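Order of the sequence lines fixes the chain letters, A, B, ..., with proteins taken first and strands second; residue numbering starts at 1 for each chain. Only a predicted model underlies this, so the values are computations on that prediction, with no experimental measurement involved.
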Number of protein chains: 2
Amino acid sequence: MTSDAQPGATETEPSLGFQHHDHRACVDHALGAVEARCAEEGLRFTPVRRKVLELLLKEHKAMGAYAILDELREAGFGSQPPVAYRALDFLVDNGFVHKIERLNAFVACAHPGESHAPAFMICRVCDAVAEAHSAPAKGALGAAARAAGFQIERTVVEAEGVCPACAEKAEG
Amino acid sequence: MTSDAQPGATETEPSLGFQHHDHRACVDHALGAVEARCAEEGLRFTPVRRKVLELLLKEHKAMGAYAILDELREAGFGSQPPVAYRALDFLVDNGFVHKIERLNAFVACAHPGESHAPAFMICRVCDAVAEAHSAPAKGALGAAARAAGFQIERTVVEAEGVCPACAEKAEG
DNA sequence: CGGTGGAATGTTATAAGATCACATGGGGGT
DNA sequence: ACCCCCATGTGATCTTATAACATTCCACCG
């Protein structure tokens, strides 16, 4: 298993955990990766879509569609909900952004380009979200699905709890 | 369709394991179990709460809060959203009903009384929902959480795909 | 170069989901 | 009987999401 990169190292490494990292590099890296991927696959990485992804990368946390919409308005894009939802649909469909069902909110993917079944850890105190990998189809759920004849196409795996920072504050 | 339903049997519907079953017995059993559990623990299993659970058990599928509210209204209960949401809160808090985050909807628990980390299989064609057990903290997610210092309190595990019945129809 | 068609964007309106705040009622425990 | 807590009822409001339709952009073909 990948023992995680130590905090403080040269992190173009996206936030796997709740650690600090070189955020500008992280944003640039992700934007670049998405741009490349769109070029490769003939997807149109338009200004609204780019702007939404940028916002999510910069904020580095889960944002509601309407918070995103506010920023789009300020940036001179359309200000009606479909503008945000359509951009988000595109980004989600292509795996550049994930929806956190539990929060009805969205986060930039921490591993753009890699195909993956994401799992999330959501801090119920500060709402921070960290992305991890999951393999739900390999465990009890996969077995149940096979037994039932259910074809899994997509999984939502979200763990709610307390992140290290908030746990520390609570104790302190 | 329900080709192997027994003639004349009480309603047997496709369902929770995506299988057919004696639904009246299933409802009665679950209601009894919940009633017993409430008595045991000093919880107030009031008429609204009972009605909501009954509805969910009878329908045997995921229902939105407003669909539930409609039925409450018809049954002579209050007709404002908080009526439904409060009953649902009670049922969810006590594990008698689960919320399907992906659908913003609710299903009766298939294993009332057993403490469990539920996982769900959701058919994207017919919206049928089956409950299974999961052990998300034991797999990759659990490892990631430990590595990150994240304390998991609760998990949402939902698989989206195609149920056997719908798969069969599609191949048709 | 001009036309054409599909995708993307913009806008209005409305549906669906969830919560706040406050008033009322019912049942135990002293 | 009284009080208090909990549950219920109600109105208003807030957030999240989609339907429907007009307009614009752009790649592609002739």
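Shown here are the salt bridge (Lys or Arg N to Asp or Glu O under 4.0 Å) partners of A:D89, two or more places apart in sequence or in another chain: there are none. Scanning for side-chain hydrogen bond (donor to acceptor under 3.5 Å, both in side chains) contacts around B:R146 gives an empty result, with sequence neighbours left out. Take B:E101 and apply the side-chain hydrogen bond (donor to acceptor under 3.5 Å, both in side chains) test, not counting sequence neighbours, and it matches A:R102.
Summarising the geometry, the separation between CZ on B:F77 and C1' on C:dT24 is reported as 17 Å, rounded to the nearest angstrom. Computed from coordinates, the B:F90 CZ to D:dC5 C1' distance equals 16 Å when rounded to whole Å. At whole-Å resolution of the value, CZ in A:F45 and P in C:dT9 are 11 Å apart. Distance CZ (A:R49) to P (D:dC26): 13 Å, rounded to an integer number of Å. Between B:L72 atom CG and D:dT10 atom C1' the separation is 15 Å, expressed in whole Å. Separating the CD1 atom of B:I100 from the P atom of C:dA18 is a distance of 12 Å, rounded to the nearest angstrom. Atom-to-atom, CE of B:M63 to C1' of C:dG17 comes out at 15 Å; the value is rounded to the nearest Å. Rounded to whole angstrom, the span from the CG atom of B:N94 across to the P atom of D:dA7 amounts to 10 Å.
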Contact letters for nucleotides 15-25 of chain D, in which S counts primed atoms plus P, OP1 and OP2 and B counts the base, heavy atoms under 4.0 Å: -BBBB------

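In this structure, A:I152 and A:L141 approach most closely via the heavy-atom pair CD1-CG, 4.4 Å. Nearest heavy-atom pair, B:H133 versus A:A140, reported as atom, atom and distance to 0.1 Å: O-CB, 3.5 Å.
Within the 4.0 Å cut-off from OP1 or OP2 of C:dT9, at least one side-chain nitrogen or oxygen of A:T46 is found.
End-to-end axis angle for the helix from C:dC1-D:dG30 to C:dT30-D:dA1, using five pairs per end and rounding to 10°, comes out at 20°.
One distance of note links CG of A:L103 with CD of A:E158; it measures 7.0 Å at 0.5 Å rounding.
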Under 3.5 Å, sequence neighbours excluded: what are the donor-acceptor pairs made by side chains of residues 35-45 of chain B?
from: B:E35; atom 1: OE1; to: B:R50; atom 2: NH1; distance (Å): 3.2
from: B:E35; atom 1: OE2; to: B:R50; atom 2: NH1; distance (Å): 3.4
from: B:R37; atom 1: NE; to: B:E41; atom 2: OE2; distance (Å): 2.8
from: B:R37; atom 1: NH2; to: B:E41; atom 2: OE2; distance (Å): 3.3

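Few gaps surround NZ on A:K99; more than 12 heavy atoms of other groups in view lie less than 6.0 Å from it.
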